[in-house]
Amino acid sequence: MNTMTSMPKHVEPNYNLITFLLFWCALIVVSSVYVTTPLIGVFVKEFQVTQTTAAWTGSIFSLFYAVGFLVLGPLADRYGRKQMIVFGLGVLSLVTFTIGFVNHLIWLIILRALQGFISAAFAPAALAYVFDVFPKRKLVTTIGFTSFGFLTAGIFGQVVAGFIDQTFDWHFVFILFGGLYLVSLLAVAKILPTTKSEKTPISMAYHIKQVKKIFAQKNFRLCYVITIMLLLTFIGMYTVLGDYLKDAPFYLGDREILYVRAAGLAGMILSPFTGFLAKKLGLLVVLRVGLAVSVGGLVMLGIDTNLPVIICMSVVYVAGISLTFPAIMTLIGEWSGNIRAIAASIYTFILFIGASLGPIVASGLMQTGSFSITFFVLALLLSGGLAASFFIRN
């Protein structure tokens, strides 16, 4: 249902502009998850700490990001979707800009925790916002573009941060992103139509009741089983792939491995076309096809040792994931009604729990000494999600 209140009913919003803005915000907000990845070595040298200690600049963000979904996500139902996006971007721009002037590791870690927490205001509110504003015929396409922003952030954030550090200084990474968040805030405030808030209770008892209601439904449980496998295998695959290509017989350097990662963008461009495919095949078929394609890509990564084939199969895997994301986000949004932000918060929380488990699972599997076994096990885990998809009913 369309619940816009900021313009006369006869004036149709510029859906293309709104879609681009949601994609852009998804891209730059989620990029903050990844900007410290190429900076770990810089922090080790500057702050004279171990790599494990320096890695907390990324881990602390992910931890508080996941917690933030559960705390801030449901507030979008009560105070409004646009309002939460504006609030999140405003605080995020301030915190990020401040990080650019920090010269002590402890303050960097503290502010990264706060940055992660407040970043969580965007995703659940944005997903719920799409369902409030867009007509049904445009829903899946818009969610596809937003998902494209989430996915490409993993490469965009690392590439931009690495380039800025090599050209200027690591502090400027955060100054730049702080500025981008501020500009995006102004654009959101100006362009996005305001939606009605639901005036839902904010008590803990109410939210527990709604969470129980969501998990009481079989379809939600199955979707969340699939969800945890997505970033678990995505992050796990790229963790394995980096180490795989550094060793014999490839011996690729860091820059070459980054090019291989960047090749994954070719697979991600399928995300915006999920809407077209859903109209032809149906959302559940697209979901299952996406998962099946990804499983096939992982299996082939474990079989073939030819570098061009490995690169192609990594793109195939990403292509399947890029179809799966918008399909599952749309299904959850359609089923959750007026508690959409809560359902989306659980989805994003579980998604990033999977992201946190990805490197742990991949590293543990690689201790077997076989990259092939690692890829096969990741394929098996994702196959569990594929199997679950066949029990989902509209």
Side-chain angles (χ1 to χ4, degrees), residues 34 37 147-148 150-156 158-159 225-271 274 286-325 327-328 351 354-389:
Y34 304 98
T37 301
S147 299
F148 183 51
F150 290 138
L151 285 169
T152 52
I155 295 173
F156 179 82
Q158 293 186 60
V159 172
V225 167
I226 298 169
T227 297
I228 198 168
M229 298 304 174
L230 297 182
L231 283 190
L232 189 158
T233 58
F234 184 84
I235 302 295
M237 186 276 284
Y238 275 114
T239 300
V240 176
L241 192 62
D243 288 340
Y244 187 34
L245 297 179
K246 284 181 180 178
D247 293 337
F250 309 108
Y251 297 113
L252 298 189
D254 290 339
R255 185 179 294 273
E256 293 167 310
I257 291 173
L258 184 60
Y259 292 152
V260 174
R261 295 178 189 273
L265 288 170
M268 292 177 185
I269 62 174
L270 278 181
S271 244
T274 306
V286 172
L287 175 67
R288 291 162 186 160
V289 168
L291 288 167
V293 168
S294 290
V295 169
L298 285 173
V299 170
M300 288 304 299
L301 281 170
I303 292 175
D304 207 297
T305 57
N306 183 277
L307 183 58
V309 174
I310 288 172
I311 295 172
C312 288
M313 288 303 104
S314 70
V315 172
V316 167
Y317 165 78
V318 172
I321 290 293
S322 71
L323 288 176
T324 305
F325 264 109
I328 202 165
L351 187 68
S356 300
L357 291 174
I360 298 171
V361 172
S363 298
L365 290 171
M366 284 192 293
Q367 289 180 6
T368 63
S370 171
F371 288 105
S372 293
I373 290 176
T374 303
F375 285 125
F376 289 149
V377 173
L378 290 176
L380 183 63
L381 290 172
L382 193 58
S383 295
L386 175 60
S389 72

Find out whether [X] and [Y] are in side-chain contact, i.e. whether some heavy atom of one side chain is under 4.5 Å from a heavy atom of the other.
X: V293; Y: L323; answer: no
X: L287; Y: T324; answer: yes
X: T305; Y: P249; answer: no
X: L307; Y: L245; answer: yes
X: Y244; Y: L252; answer: no
X: V318; Y: Y238; answer: yes
X: L151; Y: F148; answer: no
X: L241; Y: I310; answer: yes

Let me confirm one number: the [atom1]-[atom2] distance from [X] to [Y], rounded to the nearest 0.5 Å.
X: L381; Y: L230; atom1: CG; atom2: CG; value: 12.0 Å
X: M229; Y: I321; atom1: CE; atom2: CD1; value: 11.5 Å
X: T374; Y: M237; atom1: OG1; atom2: CE; value: 13.0 Å
X: L351; Y: L231; atom1: CG; atom2: CG; value: 4.0 Å

(request) Answer yes or no: is there a donor N or O on one side and an acceptor on the other, between the side chain of S322 and the main chain of G267, under 3.5 Å? (result)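 Flag set: sc S322 to bb G267 pair under 3.5 Å.
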(request) Please check if the distance between the ring centroids of F371 and F375 is under 6.0 Å. (result)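 Here the rings of F375 and F371 have centres that are no less than 6.0 Å from each other.
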Of the non-hydrogen atoms in [X] and [Y], which two are nearest, and what is the gap between them?
X: G302; Y: S372; result: O-OG, 2.8 Å
X: S314; Y: L301; result: N-CD2, 4.1 Å
X: Y34; Y: A153; result: CD1-O, 3.6 Å
X: V286; Y: A327; result: CG1-CB, 4.4 Å
X: S294; Y: L382; result: CB-CD2, 3.5 Å
X: V316; Y: G297; result: CG1-CA, 4.2 Å

(message) Among I303, L298, L365, which residue satisfies the side chain to side chain contact (heavy atoms under 4.5 Å, CB included) criterion with F376?
(response)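 Between F376 and the candidates, side chain to side chain contact (heavy atoms under 4.5 Å, CB included) is satisfied uniquely by I303.
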